[in-house]
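A short write-up of the structure that comes next.
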Amino acid sequence: MDIKTVKISDFSQHVDQQIKIKGWLYNSRAGGKVQFLVLRDGSAMCQAILEKKEGNEDIFGQVKHLGQESSIIATGTVRADDRSMGGFELAIDDVEIVHETNDYPITPKQHGVEFLMKNRHLHLRSKKQWAIARIRHTIINSIRSYFNDNEFILVDTPIFSPSVGEEEQTLFNVDYFGENVALSQTGQLYLEAAALSHGKAYCFGPTFRAEKSKTRRHLTEFWMVEPEVAFIDLEGIMDLGQGLIHTIISNCLKDRRDELEILERDISKLEAALKPFVHLSYSEAVELLHSEKAKNHLENKLAQKNTRIEELKDNIEQYNTDATNAKKQWQKDKAAQQIQTANEEIAELQKEVENIPHHMELAKNFKWGKDLGGSDESIISELHDQPVFVHRYPREVKAFYMKPDPENPDVVLNIDCLAPEGYGEIIGGSMREEDYNALIQRIENKGFDPENYKWYLDLRKYGSVPHGGFGLGVERTVAWVTGIKHIRETIAYPRMMGKVYP
RNA sequence: UCCUCGAUAGCUCAAUUGGUAGAGCGAGCGGCUGUUAACCGCUAGGUUGCUGGUUCGAGUCCAGCUCGAGGAGCCA
């Protein structure tokens, strides 16, 4: 009789049945007569019990010496047991060793960033990385289904783009049969053409920025989805963006509870984002930055950080006492580890504490007409529980194709969407200038040559309509939803300044 | 491009005013029937990132370089 192979995530439906699982050894605690194996099969992890019995001494001995990440096929009976993680475990009858692994580099203990990134191809198997990847999958799937369900047509825009002379430092140049072209940093201009064909269109692909940014928010290669709609207005664009983010969040809350729990994400923060978003004009945002509210917020933040630092210092005292009183070596080591972790947190907090007065100055002295800086965005987003749309920025700091507000030509009809908790800008979008002559004017004012925009200008010559759209950065969205600090963990193989391996 | 910090065993870290390089984890061997980063005992494991300098003596001090982390600017 063939024994059925089941997924660990389906264990609850197979209690007391004999089944097979195909997977990998994640960790093991071997005893003389019983071994506790933590197995993973891609769907989940479970504990498996191998008891030494008459007749299985060979298997017992072999499994005992199996290295972490050895691949195996285990046959056994599913049991409900509260002592086991997930509430179920596998009582093993037999193990087939598919591949024996020795010296797997990533152990269940702590590792540094550099080491993990060098071993990224293996790091992907770790629990947190596994959870992040699954949430990313759900986010991308939500994006596709949201647009598909709302009658958008997917149009793929080119990655090789002619260089038109603008913003050259931020583009990657490629030798294209002797011609200098750039890797695309947006599909928007091409997508405008598609929107005039389909009414609603979107593109979804990788995008490339050669900015020399080394921060936790930047990648040189990242994924962006860009919808573009004919006959829309700015309110419509904001509704579209809010609908998209609501769909993403509610799908993650519905389908990725376990993964969010693995990442210790505060669910209430995500639930708050299901409320209608805050709408602030740029001018209102500037007022907010100048307000007592912003000042008080930063003062509170400063006080909180200082309190936390004192708390950590007290903890360190305690750990030191623990270490002195500890009889066992491992207790001393544990205390040392805790002290190290606390010191790292203190260092980070002290840096923030140092920066807060500077941020206060920046906010207080913010002049109408400048683009919002990173710290300004943080202040605005931290003052609200849900994402914030900031609209109508000064025309001078924004791109040439953005349409000026007919009611105030000093500002353009654009939006930025700021994610909560300081995760920064996740959406940028605008209405596009649809008037032929006005667009030429804008191109010339920015110092560009209208000759290079011939086909783009054609869109204003033949059946031009009010239209607009936005771009949403997938990795920043994943960082926010998962609550992880650094964007490099939101994509399987991050590309950053100076890093292209593996 | 600029500013700050860092590089010691496979991994994470320690090493007092410059004076014999250590621990835990991991690996190997052994012990333990309910473990949750299991635990206990033993063993192996090092050109202290590179180059030069100061010194009787450098992991430690100085200079330059390489690599990494965080931030500024810019941005999704």
Side-chain angles (χ1 to χ4, degrees), chain A residues 26-38 45 47-53 64-65 67-68 81-86 89 102-119 127 167 169-170 185-186 206-226 328-337 339-341 343-344 347-348 350-352 354-355 358 362 371-375 377 397 399 416-419 423-429 470-480 485-488 490 496-499:
Chain A
Y26 193 74
N27 194 10
S28 65
R29 294 176 283 275
K33 289 185 181 161
V34 61
Q35 295 178 48
F36 302 93
L37 311 174
V38 179
M45 291 204 264
Q47 173 164 283
I49 315 298
L50 178 56
E51 287 182 65
K52 195 173 186 175
K53 293 179 211 155
K64 191 166 178 175
H65 293 107
Q68 198 190 334
D81 193 313
D82 289 342
R83 289 171 299 186
S84 205
M85 60 194 219
E89 61 183 23
N102 296 303
D103 300 326
Y104 185 69
I106 301 176
T107 69
K109 302 285 175 181
Q110 264 190 9
H111 298 283
V113 171
E114 189 182 358
F115 178 78
L116 290 174
M117 282 297 144
K118 273 192 180 141
N119 289 284
K127 201 172 178 180
E167 301 159 287
Q169 299 104 338
T170 67
Q185 61 167 343
T186 172
T207 193
F208 306 89
R209 305 271 166 99
E211 287 147 8
K212 294 189 173 172
S213 304
K214 287 177 66 176
T215 80
R216 64 182 75 183
R217 298 186 307 280
H218 286 89
L219 295 170
T220 54
E221 177 182 318
F222 64 96
W223 286 68
M224 184 158 71
V225 61
E226 295 175 90
K328 306 274 186 186
Q329 182 59 44
W330 71 267
Q331 290 171 322
K332 288 185 201 288
D333 292 329
K334 189 182 168 195
Q337 183 68 58
I339 289 168
Q340 194 195 320
T341 309
N343 274 325
E344 279 167 16
E348 196 163 315
Q350 277 172 340
K351 205 171 227 171
E352 289 176 40
E354 247 172 64
N355 282 333
H358 180 55
L362 285 177
D371 209 347
L372 296 175
S375 64
E377 288 183 355
V397 297
D416 277 358
C417 182
L418 308 179
Y423 278 95
E425 187 185 339
I426 53 172
I427 281 181
F470 64 81
L472 172 125
V474 168
E475 284 74 17
R476 285 192 184 172
T477 306
V478 176
W480 167 45
K485 286 211 179 86
H486 204 299
I487 200 167
R488 68 184 155 222
T490 62
M496 293 173 291
M497 193 182 147
K499 202 198 98 57

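Each chain gets a letter, A, B and so on, in the order the sequences are listed, and its residues count up from 1.
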Quiz item: Within this structure, what is the CG-to-P distance between A/Asp371 and B/C74, rounded to whole angstrom?
Solution: 7 Å
Practice problem: Rounded off to whole Å, could you give me the CD-to-C1' distance for the A/Glu226 and B/A76 pair? | Solution: 10 Å
Practice problem: Output yes when at least one side-chain N/O atom of A/Arg476 is less than 4.0 Å from OP1 or OP2 of B/A76, else no. | Solution: no
Quiz item: Using a cut-off of 4.0 Å on non-hydrogen atoms, how would the nucleic acid contact of A/Gln47 be classed: base, sugar-phosphate, or nothing?
Solution: base
Quiz item: C1' atom, B/C2 versus B/C74: distance in rounded Å?
Solution: 14 Å
Quiz item: With rounding to whole Å, what would you report as the distance between B/G18 and B/G53 at their C1' atoms?
Solution: 15 Å
Quiz item: Within the side chain of A/Thr215, is there an N or O that forms a donor-acceptor pair under 3.5 Å with the backbone of A/Arg217?
Solution: yes
Exercise. Could you tell me which nucleotide pairs with B/G6 by Watson-Crick or G-U wobble geometry, both distances under 3.5 Å, or answer none if nothing does?
Key: B/C67
Self-check item: Check: A/Arg488 main-chain N/O paired with A/Glu475 side-chain donor or acceptor under 3.5 Å
Solution: no
Quiz item: Is the shortest heavy-atom distance from the side chain of A/Phe36 to the side chain of A/Ser84 under 4.5 Å?
Solution: no
Quiz item: To the nearest angstrom, how far is A/Arg29 atom CZ from B/U36 atom C1'?
Solution: 4 Å
Exercise. Report the nucleotide, chosen from B/A76, B/G34, B/C25, that has the shortest atom-to-atom distance to any side-chain atom of A/His218.
Key: B/A76
Exercise. Starting from C1' on B/A72, measure out to CD on A/Glu377 and report it in whole angstrom.
Key: 14 Å
Quiz prompt | Interatomic distance at P, B/C50 relative to B/G10, whole Å | solution = 13 Å
Quiz item: So which one's nearest nucleotide on RNA chain B is more toward 5', A/Ser375 or A/Gly471?
Solution: A/Ser375
Self-check item: A/Lys499, NZ atom: more than 12 neighbouring heavy atoms under 6.0 Å
Solution: yes
Quiz item: Is there a side-chain contact between A/Leu219 and A/Met496, using heavy atoms and a 4.5 Å cut-off?
Solution: yes
Quiz item: Checking side-chain hydrogen bond (donor to acceptor under 3.5 Å, both in side chains) for the pair A/Glu226/A/Thr186: CA distance, chi angles, key distance, verdict?
Solution: CA-CA 8 Å; A/Glu226 295 175 90; A/Thr186 172; 2.7 Å; yes
Quiz item: Which whole number of Å gives the distance between the P atom of B/A7 and that of B/U60?
Solution: 11 Å
Quiz prompt | Counterpart base for B/U60, defined by Watson-Crick or G-U wobble contacts under 3.5 Å | solution = none
Quiz prompt | Span that lies between the C1' atom of B/U43 and that of B/U4, in whole angstrom | solution = 43 Å
Quiz prompt | Side chain A/His111 and base B/C11 donor-acceptor under 3.5 Å | solution = no
Practice problem: I would like to know whether A/Arg476 and A/His218 meet side-chain contact (heavy atoms from CB on, under 4.5 Å); could you show each step before the answer? | Solution: CA-CA 9 Å; A/Arg476 285 192 184 172; A/His218 286 89; 3.9 Å; yes
Exercise. Provide the Watson-Crick or G-U wobble partner of B/U17, both distances under 3.5 Å; none if there is no partner.
Key: none
Practice problem: Taking atom C1' in both B/U54 and B/A14, compute the distance separating them and give it to the nearest angstrom. | Solution: 27 Å
Exercise. Would you mind pulling out the nucleotide paired to B/G41, Watson-Crick or G-U wobble, both distances under 3.5 Å?
Key: B/C29
Practice problem: Without swapping roles, check the side chain of A/Thr207 against the backbone of A/Gln185 for a donor-acceptor pair under 3.5 Å. | Solution: yes
Quiz item: Using purine N1 to pyrimidine N3 plus N6-O4 or O6-N4 for Watson-Crick, or N1-O2 and O6-N3 for G-U wobble, both under 3.5 Å, which nucleotide pairs with B/U1?
Solution: B/A72
Exercise. Could you check which of B/U33, B/G34, B/A76 has an atom nearest any side-chain atom of A/Asp81?
Key: B/G34
Heteroatom pairs (N/O) under 3.5 angstrom, protein to nucleotides 66-70 of chain B:
residue	atom	partner	partner atom	Å
B/G68	OP1	A/Gly498	O	3.4
B/G70	OP1	A/His486	NE2	3.1
B/G70	OP1	A/Arg488	NH1	3.1
B/G70	OP1	A/Arg488	NH2	3.1
B/G70	O3'	A/Arg216	NH2	3.2
B/G70	O2'	A/Lys351	NZ	3.3

Exercise. Send over the distance from A/Phe208 CZ to B/C75 C1', rounded to a whole Å.
Key: 16 Å
Self-check item: d(CZ, A/Phe115; C1', B/C25) in whole Å
Solution: 12 Å
Quiz item: Would you say a side-chain N or O of A/Asn27 is under 4.0 Å from OP1 or OP2 of B/A38?
Solution: yes
Quiz item: Is the base of B/U35 touched by the side chain of A/Gln35 through a donor-acceptor pair closer than 3.5 angstrom?
Solution: no
Exercise. Can you check whether any acceptor in the base of B/C74 is under 3.5 Å from a donor in the side chain of A/Ser213, or vice versa?
Key: yes
Quiz item: Does any nucleotide pair with B/U47 by Watson-Crick or G-U wobble geometry, both distances under 3.5 Å, and what is it?
Solution: none
Self-check item: Face-to-face stacking of A/Phe222 with B/A76, centres under 5.5 angstrom, angle under 30°
Solution: yes
Practice problem: Side chain of A/Asp103 only, please: which of B/U1, B/A72, B/A27 is the nearest? | Solution: B/A27
